[in-house]
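Take a look at the structure below.
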Amino acid sequence: MNTRRDFLQKIGASALMLQLSSLTAFADAPGRITEPYEGKILRVAIMGLGGYGTRVAEAMKACTKAKLVGVISGTPSKVKEWQTKYNIPEKNCYNYENFDQVKNNKDIDAIYVITPNALHHSQVIRVAKAGKHAICEKPMALNAKEAQEMIDACKTANVKLLIGYRMHFEPRTLEVIRMRKADNFGKIMFFQAQCGFKAGDPKQWRLNKALAGGGSMMDIGIYAINGARYMVGEEPIWVTAQETKTDPIKFSEGVDETIQFQLGFPGGAVASCLSSYNINHLDRFFMSGDKGFAEMQPSTGYGPIKGRTHMGELTQPVTTHQTVQMDEMATLIFEDKKPVVPVNGEEGLRDMKIIDAIYQAVKTGNKVNLII
């Protein structure tokens with residue numbers, strides 16, 4: 001998944017126009033253009049102005065239903081830079097110590113938490129207590145216990161909690177899901193996911209157990225877990241897993257380098273998945289049923305997603321994932337619509353339960369039964 005490190009893909013005017021239609025329209029009638037949007041705009045503050053935060057901010061320039069209006073950062077120079085670049089007023093700028101004051105700011109509706117994994121739990125709970133909707137980058141927490149506490153806090157505050165599952169709005173992914181629901185693949189028997197790239201700077205937070213909560217599994221292995229669930233269309237009932245570590249210095253105790261894991265599903269399907277921080281060019285899904293197959297490569301990178309089935313190439317519109325995600329999340333918050341694949345806190349919790357079980361299986365060498 002080298003595309004995690006790439007700059008935003010430059011898209012043509014036609015693709016940009018297609019982004020403005022809803023993903024329901026993409027799934028039901030590809031290419032359909034809706035009328036110009038005149039509804040309520042979701043006003044978003046981004047917390048965490050790093051690489052991915054920047055990617056989201058750039059993508060939001062093309063949004064029609066969401067707008068970047070605020071920033072939260074512990075680095076004053078970044079705040080100033082973003083103020084100038086995105087025309088953000090001083091009153092909508094906060095740091096990690098004072099952002100609770102956002103509760104008094106009626107010009108911000110939601111906060112997108114894009115900070116290291118270990119900070120998600122406390123920061124989302126603070127966002128909820130401030131009365132703002134929370135969008136949290138995946139993985140939503142370090143474990144299922146934290147995830148449940150975040151869900152509870154948002155329910156108590158009567159605010160929405162959404163997780164940054166951009167693939168849940170990607171047109172070619174949605175087409176495969178539509179085909180599976182239409183029984184085009186028949187009984188699903190096998191799924192395979194390969195997610196990996198060589199991690200660079202050994203001092204980055206993603207290789208710090210305290211900040212990341214793990215290694216490749218927390219960062220990109222979650223794509224394989226989530227993909228297995230939405231591609232097969234069932235929740236797994238057991239997991240087995242094995243870890244391989246070739247560089248114990250770079251990948252210290254608790255920071256997984258490579259994990260292979262297997263999932264079993266109630267309908268009889270099995271999944272074989274791999275997550276690695278030390279193998280390049282891994283970004284592939286494959287699913288096989290008794291009537292046909294689907295293959296996607298790249299399957300979860302920033303784009304374009306490419307794929308084929310036994311019926312031919314996938315040709316749905318190419319989109320900038322974060323643009324569509326933020327527009328669709330605005331719709332979920334204001335209109336309470338339900339996406340084809342959920343992006344709520346409960347969806348994130350299911351992935352965290354599986355990650356907890358994978359780490360348990362690695363540690364014990366045993367098959368771990370799942371109740372999702």
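- A donor-acceptor contact under 3.5 angstrom links the side chains of D219 and Y277, judged on distance only.
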Report all side-chain donor-acceptor pairs from residues 239-248 shorter than 3.5 Å, counting only partners two or more places apart or in another chain.
residue	atom	partner	partner atom	Å
T240	OG1	Q262	OE1	2.5
Q242	OE1	Q262	NE2	3.2
Q242	NE2	Q262	OE1	3.1
K245	NZ	F251	O	3.1
K245	NZ	S252	O	3.0
K245	NZ	V255	O	3.2
T246	OG1	E257	OE1	3.3
T246	OG1	E257	OE2	2.7
T246	OG1	N278	ND2	3.3
D247	OD1	I249	N	3.3
D247	OD1	K250	N	3.1

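- When only modelled atom types and interatomic distance are considered, E149 and H121 share a side-chain donor-acceptor pair under 3.5 Å.
- For the 3.5 Å distance criterion, the side chains of N184 and T309 fail to qualify, holding no donor opposite an acceptor.
- Judged by distance alone, with hydrogens and angles left aside, the side-chain atoms of R180 form a donor-acceptor pair with the main-chain N or O of Y230 at under 3.5 Å.
- Residues N226 and E347 have side chains that bring a donor and an acceptor to within less than 3.5 angstrom of each other.
- Among K67, K132, R43, the single residue meeting the salt bridge (charged side-chain N to carboxylate O under 4.0 Å, His left out) criterion with D107 is R43.
- For the 3.5 Å distance criterion, the side chains of S275 and S216 qualify, holding a donor opposite an acceptor.
- M47 is listed as a side-chain neighbour of V127, based on a closest heavy-atom distance under 4.5 Å.
- Looking only at side-chain heavy atoms (C-beta outward), D351 and R229 come within less than 4.5 Å of each other.
- Residue I163 is grouped with residue I177 when hydrophobic side chains (ILVMFWY) are merged at heavy-atom distances under 4.5 angstrom, including chains of intermediate members.
- The closest donor-acceptor contact from the side chain of D327 to the backbone of C63 lies at 3.5 Å or more, if one exists at all.
- The two residues G48 and T115 come nearest to each other via the heavy atoms CA-CG2, 4.0 Å.
- Applying the ring pair (Phe, Tyr, Trp, His ring centres under 6.0 Å) definition to pairs two or more places apart or across chains, those involving residues 61-107 are W82-Y86.
- Formation of a donor-acceptor pair under 3.5 Å by the D256 side chain with backbone atoms of M217 is found in this model.
- Taking 4.5 Å as the limit, some side-chain heavy atom of D183 sits within range of a side-chain heavy atom of K291.
- By the 4.5 Å heavy-atom criterion applied to side chains, Y223 and I225 are not counted as neighbours.
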Requested in this report: Tell me, with the steps shown, if F191 and F286 meet ring-ring contact (aromatic ring centres under 6.0 Å, His included).
Outcome: CA-CA 6 Å; F191 174 80; F286 177 80; 8.8 Å; no

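- Put simply, the side chain of R166 gets close to the backbone of T300: a donor and an acceptor are under 3.5 Å apart.
- Using modelled atom types, no side-chain atom of K78 and backbone atom of S73 make a donor-acceptor pair closer than 3.5 Å.
- Partners of R126 according to the salt bridge (charged side-chain N to carboxylate O under 4.0 Å, His left out) rule, which considers only residues two or more places apart in sequence or in another chain, are D100.
- Between P139 and N117 the shortest side-chain heavy-atom distance falls below 4.5 Å.
- At least one donor-acceptor pair closer than 3.5 Å links the side chain of D290 to the backbone N or O of K187.
- When all heavy atoms are compared, the tightest approach of M140 to M352 is CG-CG, 4.0 Å.
- There is a side-chain donor-acceptor pair under 3.5 Å between D152 and Q148.
- For the side-chain hydrogen bond (donor to acceptor under 3.5 Å, both in side chains) with E295, the lone residue among K306, Q192, H310, R284 that qualifies is R284.
- Taking the charged nitrogens against the carboxylate oxygens, K145 and D356 have no contact shorter than 4.0 Å, which rules out a salt bridge.
- Judged by distance alone, with hydrogens and angles left aside, the side-chain atoms of E170 form a donor-acceptor pair with the main-chain N or O of T173 at under 3.5 Å.
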